[in-house]
2 protein chains.
Amino acid sequence: MVRPGGRSARVQASVHAAVRELASEVGRDALTVPMIAQRAGVTPSTVYRRWGDLQELLSDVAVERLRPDTAPQDHGTLSCDLTAWAEQFLDEMSSPAGRAYIRDALLGDPDGGNAGRCSAYAAEQIGVVLARAAGRGEPAPGVETVIDQVVAPMMYRILFRPDGLDTSYAHRLVAGVLTPAGERVSPG
Amino acid sequence: MVRPGGRSARVQASVHAAVRELASEVGRDALTVPMIAQRAGVTPSTVYRRWGDLQELLSDVAVERLRPDTAPQDHGTLSCDLTAWAEQFLDEMSSPAGRAYIRDALLGDPDGGNAGRCSAYAAEQIGVVLARAAGRGEPAPGVETVIDQVVAPMMYRILFRPDGLDTSYAHRLVAGVLTPAGERVSPG
DNA sequence: CGCCTTAACGCAAACAGATTGCTTTAATGA
DNA sequence: TCATTAAAGCAATCTGTTTGCGTTAAGGCG
């Protein structure tokens, strides 16, 4: 029996808000469960019983913040749409805050559900862009292809090689996935 | 003034060994610093002073275990070499143990140094394979291209979508990076 | 509308891991 | 061998975590 409404919902909202507030006040690394509980007007045991530990709570909050709040903008062509989306994605995700959210989402995630949700967000956004292109009659790759050739390389570098990432890298990846291979140049 | 030898080295080796032993005995999630310290014949404060916290210690150990112990085998052609390497990489990294190591390496890694080291290991192995191909006179892509189109997609799926990964996925990725784009099929 | 069941929360005590000042050991260089 | 000092040991303290039990209130039902 799950109880999604009423007091439980208020506690969840209050705790999430407390995490966001305190993270911006004292910094993410200084967060503790008792501190969050006090700000949320809740006892620590409530947090531990619901989320298990600090990492799972942070993972929960991170996934919410990584959820796109709006559909990708329509620039008229697949190339422009994908480029703009990739540019924004890289920009947001490679920032210190973005990297912290990604790490948190991956971290406190025993069953992989939160990570899967993050990936689903990106896939959904890309799906919108590609469906739009199909509606225009433009030839377009599949969602999985874009994930493999655009999202995955950006995410890999964000996580494993944070240095030297810039807009032109996103541009090269998008160009690569849209360009017939003969004319392609190395994205390195 | 750093002291890499003598007692410090013994403590480091002893603690690392304790982590590996205990991880296989009681499971990674049950590890605690006091437990590790006792097994290593060391006081907890020593571990905290040297590694900061449990996550950084586990990150340290994880990176060591992710280091390849041998050069990629030579199968005679670039295609075979890369395929075999990618297959083994995916196999090792997508296992529960492999995923735990990757997560640990990413996790307790404030400055990104450990994650960078992991990426460098892969780049080095790929570099060997590609240099071998060049020695044979085979045409070969650059290391960065292979990382973008083979390593990154595998790692992305290991971290964000652990389901449905198999050998054929690695094969498709390698085929994709070695095949002139006109004849390419979608890797999805 | 009010009662019943029980999930979820509050409280507080007990526990365990993390931190720190001070002392002691031993690695390095002269 | 001696002087220096990084690193380890020890122990007290502090803070975060866990848990048993009583209380509150959400959701279901007559």
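Only this structure's heavy atoms are used, side chains among them; waters, hydrogens and symmetry mates stay out.
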In whole Å, I'd like the distance from the [atom1] atom of [X] to the [atom2] atom of [N].
X	N	atom1	atom2	value
A/Gln38	D/dG16	CD	P	11 Å
B/Leu57	C/dG17	CG	C1'	15 Å
A/Trp51	D/dG16	CH2	P	18 Å

Which residue lies toward the 5' end of DNA chain C, A/Val42 or B/Asp53, if each is placed at its nearest nucleotide?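 Between the two, 5'-proximity favours A/Val42.
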Given A/Cys118, which partner from the list A/Leu106, A/Asp109, A/Val63 fulfils the side-chain contact (heavy atoms from CB on, under 4.5 Å) test?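 The option that passes is A/Val63.
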Within less than 4.0 Å of OP1 or OP2 of [N], is there a side-chain N or O belonging to [X]?
X	N	result
A/Arg50	C/dA8	no
A/Thr46	C/dG10	yes
A/Arg10	C/dC9	no

Contact nearer the 5' end of DNA chain D, comparing A/Leu54 with B/Gln12: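 Result of the comparison: B/Gln12.
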Need to verify one output field. Residue with the more 5' nearest nucleotide on DNA chain D, A/Pro34 or B/Gly41?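 It is B/Gly41, whose closest nucleotide lies nearer the 5' terminus.
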Select one nucleotide: of C/dG10, D/dA8, C/dA8, the one nearest the side-chain heavy atoms of A/Thr43.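 The answer is C/dG10.
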What's the closest nucleotide to the A/Arg7 side chain, out of D/dT24, D/dG16, C/dG10?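 Closest nucleotide among those given: D/dT24.
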Hey, are B/Glu25 and B/Arg39 close enough for a salt bridge, meaning a charged N less than 4.0 Å from a carboxylate O?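 Here B/Glu25 pairs with B/Arg39 in a salt bridge, since their nearest N and O are under 4.0 Å apart.
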Under a 4.0 Å threshold between the charged nitrogen and the carboxylate oxygen, would A/Arg136 count as salt-bridged to A/Asp81?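 Salt bridge present between A/Asp81 and A/Arg136.
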Is there a path from A/Val128 to A/Val151 through hydrophobic residues (I, L, V, M, F, W, Y) whose side chains come within less than 4.5 Å of each other?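 In one cluster: no.
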Would you classify A/Arg49 as touching base, sugar-phosphate or nothing, given that sugar-phosphate means primed atoms plus P, OP1 and OP2, and contacts are heavy atoms under 4.0 Å?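 A/Arg49: base contact, heavy atoms under 4.0 Å.
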Is it the case that C/dC9 (base atoms only) and A/Ser45 (side chain only) share a donor and an acceptor within less than 3.5 Å, ignoring hydrogens and angles?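 Check fails, no donor-acceptor contact within cut-off.
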